[in-house]
**Q** 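Below are the structure tokens for one structure; questions will follow.
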Amino acid sequence: MEKMKIEIWSDIACPYCYIGKRKMEKALSQFPHADEIELVWHSYELNPALPKKAGTISYYEYIAKLHDFTVDDAKEDLKELKSLAETVGLVYNFDNLVVANTSDALRLIKLAKKFNLADQAEEVLFRTYFTDEKDISDRDILVALGKEIGLAEKDINDLLDSDEFLSEIESDIRHSEDDLDLEYIPFYLFNNKDVIQGSLADEEYLSVLDKAFQDWKANGVSTEKGDRLKGRACSADGVCSLD
């Protein structure tokens with residue numbers, strides 16, 4: 001069955017991407033034609049300059065440095081983000097969160113995508129990063145998570161021993177910036193036309209979804225630019241809105 005595509009650009013280290021995932025899932029659960037929707041995950045690495053091996057900087061110190069304010073300010077602002085996550089049923093733990101390079105995690109999602117497991121990979125990686133506070137750049141953790149969703153251990157190890165999918169991640173980023181004018185993530189592209197950047201109220205996801213679906217039913221895949229809505233998000237330079 002032909003399906004309308006919703007393309008999503010995200011990074012595991014983006015707190016609004018996990019929140020947005022829950023909001024999109026809720027919209028689809030309320031949408032009568034959800035079986036005609038296909039989610040297509042793309043990668044957008046927020047901070048590729050982070051070292052491959054996680055350091056000892058705390059998440060509060062990392063956020064304070066990105067935003068150029070104090071650690072105490074970071075702790076206070078992140079309380080609101082934690083509360084926002086709770087409204088969609090997520091538990092964010094920041095005290096021991098491991099600031100980590102997400103390149104290999106994003107490559108694991110690419111591998112999972114080959115087996116129609118991208119959504120499952122996104123879910124376990126978000127959970128591991130924001131809730132379980134584990135190092136998602138650690139090889140053993142990535143292997144365990146890949147096996148958890150059904151990937152073969154050999155395939156995961158072969159991936160991690162190679163540079164596979166690095167060019168695809170770079171292509172995702174270039175296309176989103178050069179062709180789609182991405183400024184913030186999560187970035188949702190509905191039927192190649194309407195855009196949501198960031199986390200919005202629940203009803204706005206459903207409204208854009210319904211509008212895009214009706215257009216797709218009437219006219220097929222769009223070749224025009226549509227509406228662009230922006231909510232709380234992480235910008236392309238890695239800074240996330242906290243208030």
Side-chain angles (χ1 to χ4, degrees), residues 1-12 14 16-46 88 106-123 125-126 149-150 164-236:
M1 178 176 62
E2 189 177 1
K3 297 186 178 185
M4 187 194 86
K5 288 188 170 80
I6 302 175
E7 299 181 74
I8 307 168
W9 278 259
S10 73
D11 188 9
I12 296 306
C14 164
Y16 295 108
C17 292
Y18 199 10
I19 292 169
K21 185 175 186 292
R22 281 293 181 273
K23 288 175 176 281
M24 180 61 71
E25 289 167 350
K26 181 177 180 180
L28 287 170
S29 73
Q30 298 172 334
F31 188 61
H33 309 289
D35 61 335
E36 295 183 66
I37 303 298
E38 177 185 359
L39 299 182
V40 181
W41 290 95
H42 298 290
S43 300
Y44 194 97
E45 190 175 359
L46 285 174
V88 295
L106 293 173
R107 293 199 300 132
L108 183 66
I109 295 167
K110 291 290 188 187
L111 175 63
K113 189 175 181 179
K114 291 174 59 176
F115 300 95
N116 297 316
L117 294 170
D119 193 77
Q120 292 89 330
E122 294 275 353
E123 183 65 31
L125 285 161
F126 278 133
I149 64 170
E164 189 176 7
F165 300 123
L166 285 177
S167 61
E168 284 88 341
I169 291 172
E170 179 62 25
S171 179
D172 279 353
I173 295 170
R174 293 279 68 80
H175 172 55
S176 67
E177 292 181 346
D178 298 344
D179 302 326
L180 303 175
D181 300 321
L182 178 149
E183 296 177 292
Y184 307 95
I185 62 171
F187 184 97
Y188 305 88
L189 180 64
F190 295 75
N191 191 34
N192 202 42
K193 183 177 182 180
D194 296 308
V195 168
I196 289 177
Q197 296 189 91
S199 173
L200 299 173
D202 294 355
E203 60 270 15
E204 295 191 72
Y205 289 84
L206 192 57
S207 175
V208 174
L209 173 58
D210 183 65
K211 173 177 174 289
F213 183 79
Q214 297 304 324
D215 186 30
W216 175 73
K217 275 294 192 182
N219 304 304
V221 178
S222 179
T223 58
E224 302 175 350
K225 289 187 176 181
D227 296 330
R228 298 177 76 92
L229 303 178
K230 180 185 176 295
R232 294 174 67 174
C234 294
S235 62

**Q** To the nearest 0.5 Å, how far apart are CD1 in Ile12 and OG in Ser43?
**A**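 Spacing of CD1 (Ile12) from OG (Ser43) equals 8.5 Å.
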**Q** Less than 4.5 Å apart, any side-chain heavy atom of Arg228 and any of Asp181?
**A**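 Yes, side chains in contact.
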**Q** Check whether the side chains of Tyr188 and Gln197 place a donor and an acceptor atom closer than 3.5 Å, and report yes or no.
**A**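 Looking only at side-chain atoms, Gln197 and Tyr188 do not form any donor-acceptor pair under 3.5 Å.
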**Q** Testing the basics here: between Asp172 and Lys110, what is the closest heavy-atom pair and its distance to 0.1 Å?
**A**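 Result for this residue pair: OD2-NZ, 2.5 Å.
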**Q** Do Asp210 and Phe31 come close enough that some side-chain heavy atom pair is under 4.5 Å?
**A**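 Asp210 reaches Phe31 side chain to side chain.
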**Q** Looking at every heavy atom in both Tyr205 and Gly20, which two are closest together, and how far apart are they?
**A**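 Here Tyr205 and Gly20 meet closest at OH-CA, 4.0 Å.
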**Q** Indicate yes or no: at least one non-hydrogen side-chain atom of Ile37 is less than 4.5 angstrom from one of Leu209.
**A**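 The answer is yes; the side chains approach within 4.5 Å.
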**Q** Under the 3.5 angstrom rule, does the side chain of Arg107 hit a backbone N or O of Glu164 as a donor-acceptor pair?
**A**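 Checking the backbone N and O of Glu164 against the side chain of Arg107, a donor-acceptor pair under 3.5 Å is found.
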**Q** Can you tell whether the side chains of Lys211 and Asp227 come within less than 4.0 Å, N to carboxylate O?
**A**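 So Lys211 pairs with Asp227 through a salt bridge.
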**Q** Walk me through whether Leu189 and Ile8 qualify under side chain to side chain contact (heavy atoms under 4.5 Å, CB included).
**A** CA-CA 6 Å; Leu189 180 64; Ile8 307 168; over 6 Å; no
**Q** Could you walk me through whether Ser235 and Glu183 pass the side chain to side chain contact (heavy atoms under 4.5 Å, CB included) test, one step at a time?
**A** CA-CA 6 Å; Ser235 62; Glu183 296 177 292; over 6 Å; no
**Q** Roughly how far, to the nearest 0.5 Å, is CD of Glu36 from NE2 of His33?
**A**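 Going from NE2 on His33 over to CD on Glu36, the span is 6.5 Å.
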**Q** Show your reasoning for whether side chain to side chain contact (heavy atoms under 4.5 Å, CB included) applies to Glu122 and Lys21.
**A** CA-CA 9 Å; Glu122 294 275 353; Lys21 185 175 186 292; 4.1 Å; yes
**Q** Going from CG on Asn219 to CD on Glu224, what distance comes out if it is rounded to the nearest 0.5 angstrom?
**A**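 Output value for this atom pair is 8.0 Å.
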**Q** Roughly how far apart are Glu168 CD and Leu106 CG, rounded to 0.5 Å?
**A**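 It is 12.5 Å, given to the nearest 0.5 Å.
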**Q** Could you grab the distance from atom SG of Cys17 to atom CH2 of Trp41, nearest 0.5 Å is fine?
**A**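 The SG atom of Cys17 sits 7.5 Å away from the CH2 atom of Trp41.
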**Q** Could you walk me through whether Phe190 and Phe213 pass the ring pair (Phe, Tyr, Trp, His ring centres under 6.0 Å) test, one step at a time?
**A** CA-CA 8 Å; Phe190 295 75; Phe213 183 79; over 10 Å; no
**Q** Hey, would you say the Tyr184 and Tyr16 ring centroids sit under 6.0 Å apart?
**A**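 No: the rings miss the under 6.0 Å criterion.
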**Q** For the pair Asp11 (side chain) and Glu45 (backbone), establish whether a donor and an acceptor sit closer than 3.5 Å, ignoring hydrogens and angles.
**A**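 The answer is no, because no donor-acceptor pair under 3.5 Å joins these two groups.
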**Q** Given side chain to side chain contact (heavy atoms under 4.5 Å, CB included), test Leu125 with Ile109 step by step and report yes or no.
**A** CA-CA 9 Å; Leu125 285 161; Ile109 295 167; 3.6 Å; yes
**Q** Side-chain contact, heavy-atom cut-off 4.5 Å: Leu206 with Asp202?
**A**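 SC-SC contact between Leu206 and Asp202 ruled out.
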**Q** Between Tyr44 and Trp9, does the ring centre distance come in under 6.0 Å?
**A**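 Here the rings of Trp9 and Tyr44 have centres that are no less than 6.0 Å from each other.
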**Q** Mark yes or no for whether Ser207, through its side chain, and Glu204, through its backbone, hold a donor-acceptor pair below 3.5 Å.
**A**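 It does not hold such a pair.
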**Q** For Ile185 and Ala233, which heavy atoms make the closest approach, and how far apart are they?
**A**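 It is O-CB, 3.3 Å.
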**Q** Flag the pair Leu117 / Lys113 as yes when at least one side-chain heavy-atom distance between them is below 4.5 Å, and no otherwise.
**A**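 When only atoms from C-beta onward are counted, Lys113 and Leu117 do not touch, as no gap falls below 4.5 Å.
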**Q** Tell me, yes or no, whether the heavy-atom count around Lys225 atom NZ, taken from other residues, nucleotides or ligands under 6.0 Å, exceeds 12.
**A**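 Counting neighbours around NZ of Lys225, 12 or fewer heavy atoms of other residues, nucleotides or ligands fall under 6.0 Å, so no.
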**Q** If I take atom NZ from residue Lys23 and atom CD1 from residue Ile196, how far apart are they, to the nearest 0.5 angstrom?
**A**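 Taking NZ in Lys23 and CD1 in Ile196, the distance rounds to 10.5 Å.
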**Q** If you look at every heavy atom in Asn191 and Gly220, which pair is closest and at what distance?
**A**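 Of all heavy-atom pairs spanning Asn191 and Gly220, the closest is ND2-O, 3.2 Å.
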**Q** Taking the side chain as C-beta and beyond, is there a heavy-atom pair between Ile6 and Val40 under 4.5 Å?
**A**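 Ile6 vs Val40: side chains apart.
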**Q** Looking only at heavy atoms, which two atoms of Asn192 and Ser222 are closest? And how far apart?
**A**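 Looks like ND2-O, 2.9 Å.
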**Q** Do Ser176 and His42 have side chains that get closer than 4.5 Å, going by heavy atoms?
**A**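 No. Closest side-chain heavy atoms not under 4.5 Å.
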**Q** Are the side chain of Lys193 and the backbone of Ala212 linked by a donor-acceptor contact shorter than 3.5 Å?
**A**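 Flag not set: sc Lys193 to bb Ala212 has no pair under 3.5 Å.
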**Q** Under a 4.5 Å cut-off applied to non-hydrogen side-chain atoms, are Lys114 and Phe165 in contact?
**A**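 When only atoms from C-beta onward are counted, Phe165 and Lys114 do touch, with a gap below 4.5 Å.
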**Q** Return the minimal non-hydrogen interatomic distance between Leu46 and Cys14, and the atom names on each side.
**A**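 For Leu46 and Cys14, the tightest heavy-atom pair comes out as CD1-CB, 3.9 Å.
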**Q** Would Glu123 and Tyr18 satisfy side chain to side chain donor-acceptor pair (under 3.5 Å), going step by step from the backbone distance to the final call?
**A** CA-CA 8 Å; Glu123 183 65 31; Tyr18 199 10; 3.0 Å; yes
